[in-house]
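Worksheet: the structure to be examined is printed underneath.
Heads up: numbering here begins at 1 and tracks the sequence.
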Amino acid sequence: YTSDAYPNVKRDPNFGELTADDVAFFKELLGSQSAVVDGVTTDATDDIEPFNSDWMRKYRGHTRLVLKPQSTEEVSKVLKYCNERKLAVVPQGGNTGLVGGSVPVFDEIVINTSRMNQIRSFDEASGVLVADAGVILEVADQYLAERNHLFPLDLGAKGSCHIGGNVATNAGGLRLLRYGSLHGTVLGLEAVLPDGTIVESLSTLRKNNTGYDLKQLFIGAEGTIGLITKVAIICPPRPKAVNVAYFGLESFEQVQRAYREAKGQLSEILSAFELMDGRSQRLVHESTGNKYPLEGEYPFYCLVETSGSNSEHDMEKLESFLEHVMGEGIVADGVLAQDETQFQAIWRWREGITEALSHLGGTYKYDVSIPLPELYQLVEDCKQRLTEKGFVGDDDSFPVRAVVGYGHMGDSNLHLNVSVRQYNKEVEKAIEPWVYEWIQKRQGSISAEHGLGIAKREFIGYSQNDTMVKLMKQLKALYDPNGIMNPYKYI
Ligand code: FAD
């Protein structure tokens, strides 16, 4: 056994091989056919392939069994059995992760959370929501909208990703600037360890200084120490007024000035400040056919969103901010959304980039944190390097189609994306590890929000020192001594 995407990774011979008896056990435990997608026994019917390949179609595993437990108790029994039989598993939510973490590498059993999808409680006074891990992010947010609240996380994959998957990846998203990270908003969680132990830490308290805050370990652990089954999260009131503006700017220096001004002038109502380069917007234009929001084309664009409680007051603030930045020559041109349709249309120029890129072929994705002044320099340097190496050119014979940069400016988080006609080892070698060395020199992070998965696991040393990696390995060994939870990934 070797994996297609990672020829150097070998299947761990200590793991058990799935048998028809194992499948019979799971069918007996989980009941109906839809809870067990089985590629082992002769009566297998459902298609197993969607669970084997990731959102980018970059990583493909070879599972022959997908389990969809409906309760924490079922997860506990599944994991206990797998642990005793040393059958490796992969927790899977909406399978929208971008680092190959949610699909098997070899024949690991997929434990999918889609049938654990109940909202358990919501307290209007405190804003605390308790829900199962398999609730789709958008469904949770709609439930909250009906109660005048907001899920404190929003991202382009909201229609498919699960809140358990969001917590497992510590997803950041579009409004971290305003609502903070899941490390702060998740108040409690319930998880199951590989030996079947249920970790009941579903606190709904804001404050709880009674010992180590162990739930934090599961946030961002990418399914390597346990499977999250429930989440308690504090949700803010839904803002009554949300406004959005879209700017064109001539340089990254001006982008930084605009950001400083936005923080100063919009202060408490600022809820997103996103950066898009000219190339990324051209790609959205080409893939959607939509007319640009502004007349001219610019090397940089920003999307600024405000969320507050008074529409008139917020609009006034935003208009005077826009007047100021245009008067000072910081922003070359700008537009304010006048209604809900325009609001959605402007957001699509930002949220549509990932999809526009996916139509071009393969994408090498680097989701990184860099100190703000040098944030965009990485894109310029990468473009120059790939051009010098002869990978970028005007016609179809060149493997690279586009080098683009965009991201969550307010969090110093850049998405460097290199779009290729087909995944190409030569191009990959030109980017990696060069890109990680570039980031390390600036004390950045090689993975700001997408995590390590299998894509970045070899590169953790560029952002964490030996002591930190050793401590992480000790924790992994403590929680998962047989190493069955999402193996070959993370550390
Ligand atoms: P999956 O992809 O199924 O799993 C992700 C990882 O978590 C895997 O390692 C898996 O094993 C583990 N896991 C899943 N569920 C559990 C569980 N219950 N218990 C333990 N481990 C589990 N990310 C951002 O941070 N910010 C963004 O702005 C952003 N935008 C995106 C936009 C698009 C269009 C796409 C496709 C992805 C984007 N992402 C973004 C990536 C992001 O990580 C995921 O979208 C999301 O957080 C993953 O949720 P999921 O349910 O799909 O998890």
Side-chain angles (χ1 to χ4, degrees), residues 1-12 15 17-18 26 35-40 44 46-69 75 78-79 82 87-116 133-134 136 155-157 159-162 164-171 194 220-228 354 358 362-365 367 423 428 447 449-459 480 483-491:
Y1 276 125
T2 52
S3 142
D4 304 345
Y6 286 86
N8 299 331
V9 184
K10 297 246 177 333
R11 185 184 185 279
D12 184 339
F15 291 144
E17 301 257 0
L18 191 68
F26 292 123
V36 180
V37 184
D38 154 29
V40 182
D46 287 347
D47 187 5
I48 209 158
E49 279 321 300
F51 303 95
N52 264 319
S53 35
D54 76 324
W55 190 87
M56 299 178 293
R57 297 212 182 83
K58 188 171 180 191
Y59 303 98
R60 185 168 170 273
H62 304 280
T63 195
R64 294 194 301 151
L65 189 67
V66 178
L67 303 176
K68 298 183 189 171
V75 173
V78 164
L79 282 176
C82 291
L87 295 168
V89 304
V90 183
Q92 188 180 81
N95 197 10
T96 67
L98 298 175
V99 287
S102 51
V103 289
V105 178
F106 299 102
D107 57 348
E108 300 90 274
I109 297 171
V110 171
I111 306 180
N112 182 286
T113 52
S114 56
R115 281 170 32 119
M116 292 192 286
I136 291 173
L155 45 83
S160 319
C161 62
H162 296 183
N166 298 144
V167 174
T169 53
N170 185 26
E222 298 180 46
T224 56
I225 57 171
L227 195 145
I228 298 165
T354 314
S358 74
T363 313
Y364 291 104
K365 288 184 172 291
D367 155 44
Y423 288 115
E428 189 179 315
S447 187
E449 54 176 17
H450 294 164
L452 295 166
I454 190 143
K456 315 285 174 197
R457 64 159 206 163
E458 286 169 50
F459 306 109
D480 181 22
I484 65 160
M485 297 297 302
N486 218 357
Y488 318 111
K489 298 168 186 154
Y490 207 66
I491 40 168

Please determine whether side chain to side chain contact (heavy atoms under 4.5 Å, CB included) holds for the pair Tyr364 and Lys58, giving the CA-CA distance in whole Å, both sets of side-chain angles, and the decisive distance to 0.1 Å. CA-CA 10 Å; Tyr364 291 104; Lys58 188 171 180 191; 3.8 Å; yes

Which distance, rounded to the nearest 0.5 Å, do you find between the [atom1] of [X] and the [atom2] of [Y]?
{"X": "His62", "Y": "Ile48", "atom1": "NE2", "atom2": "CD1", "value": "12.0 Å"}
{"X": "Arg11", "Y": "Asp107", "atom1": "CZ", "atom2": "CG", "value": "4.0 Å"}
{"X": "Asp367", "Y": "Leu98", "atom1": "CG", "atom2": "CG", "value": "8.0 Å"}
{"X": "Leu65", "Y": "Cys82", "atom1": "CG", "atom2": "SG", "value": "8.5 Å"}

If you look at every heavy atom in [X] and [Y], which pair is closest and at what distance?
{"X": "Thr63", "Y": "Asn52", "answer": "N-OD1, 2.8 Å"}
{"X": "Gly93", "Y": "Thr113", "answer": "CA-OG1, 3.5 Å"}
{"X": "Asn95", "Y": "Asp54", "answer": "OD1-CA, 3.9 Å"}
{"X": "Gln92", "Y": "Ser102", "answer": "NE2-O, 2.8 Å"}
{"X": "Met116", "Y": "Leu227", "answer": "CE-CD2, 4.3 Å"}
{"X": "Pro104", "Y": "Val90", "answer": "CA-CG2, 3.7 Å"}

Side-chain donor-acceptor pair present, Thr224, Asn486, cut-off under 3.5 Å: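 Result is no, nothing qualifies.
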
Please examine the side chains of [Y] and [X], heavy atoms only from C-beta on, and report whether any two atoms are closer than 4.5 Å.
{"X": "Val78", "Y": "Ile111", "result": "yes"}
{"X": "Met56", "Y": "Lys365", "result": "yes"}
{"X": "Asp12", "Y": "Pro487", "result": "no"}
{"X": "Leu452", "Y": "Glu222", "result": "yes"}
{"X": "Ile454", "Y": "Val105", "result": "yes"}
{"X": "Ile484", "Y": "Glu108", "result": "no"}

Tell me, with the steps shown, if Phe26 and Ile109 meet side chain to side chain contact (heavy atoms under 4.5 Å, CB included). CA-CA 11 Å; Phe26 292 123; Ile109 297 171; 4.2 Å; yes

Under the ring pair (Phe, Tyr, Trp, His ring centres under 6.0 Å) test, residues paired with Phe51 that sit two or more places apart: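 Here no residue qualifies.
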
Of Val110, Asp47, Val36, which is the lone residue that meets side-chain contact (heavy atoms from CB on, under 4.5 Å) with Val66?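 Only match with Val66 under side-chain contact (heavy atoms from CB on, under 4.5 Å): Val110.
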
Determine, step by step, whether Lys489 and Val99 satisfy the side chain to side chain contact (heavy atoms under 4.5 Å, CB included) criterion, reporting the C-alpha distance in whole Å, the side-chain angles of both residues, the deciding distance to 0.1 Å, and the verdict. CA-CA 10 Å; Lys489 298 168 186 154; Val99 287; over 6 Å; no

Please walk me through it: do Tyr488 and Phe106 pass ring pair (Phe, Tyr, Trp, His ring centres under 6.0 Å)? CA-CA 10 Å; Tyr488 318 111; Phe106 299 102; 5.0 Å; yes

For His162 and Ile136, run side chain to side chain contact (heavy atoms under 4.5 Å, CB included): C-alpha distance rounded to whole Å, both residues' side-chain angles, the deciding distance at 0.1 Å, then the answer. CA-CA 4 Å; His162 296 183; Ile136 291 173; 3.9 Å; yes

Within the side chain of Glu428, is there an N or O that forms a donor-acceptor pair under 3.5 Å with the backbone of Tyr423?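 Here the side-chain-to-backbone pair does not exist.
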
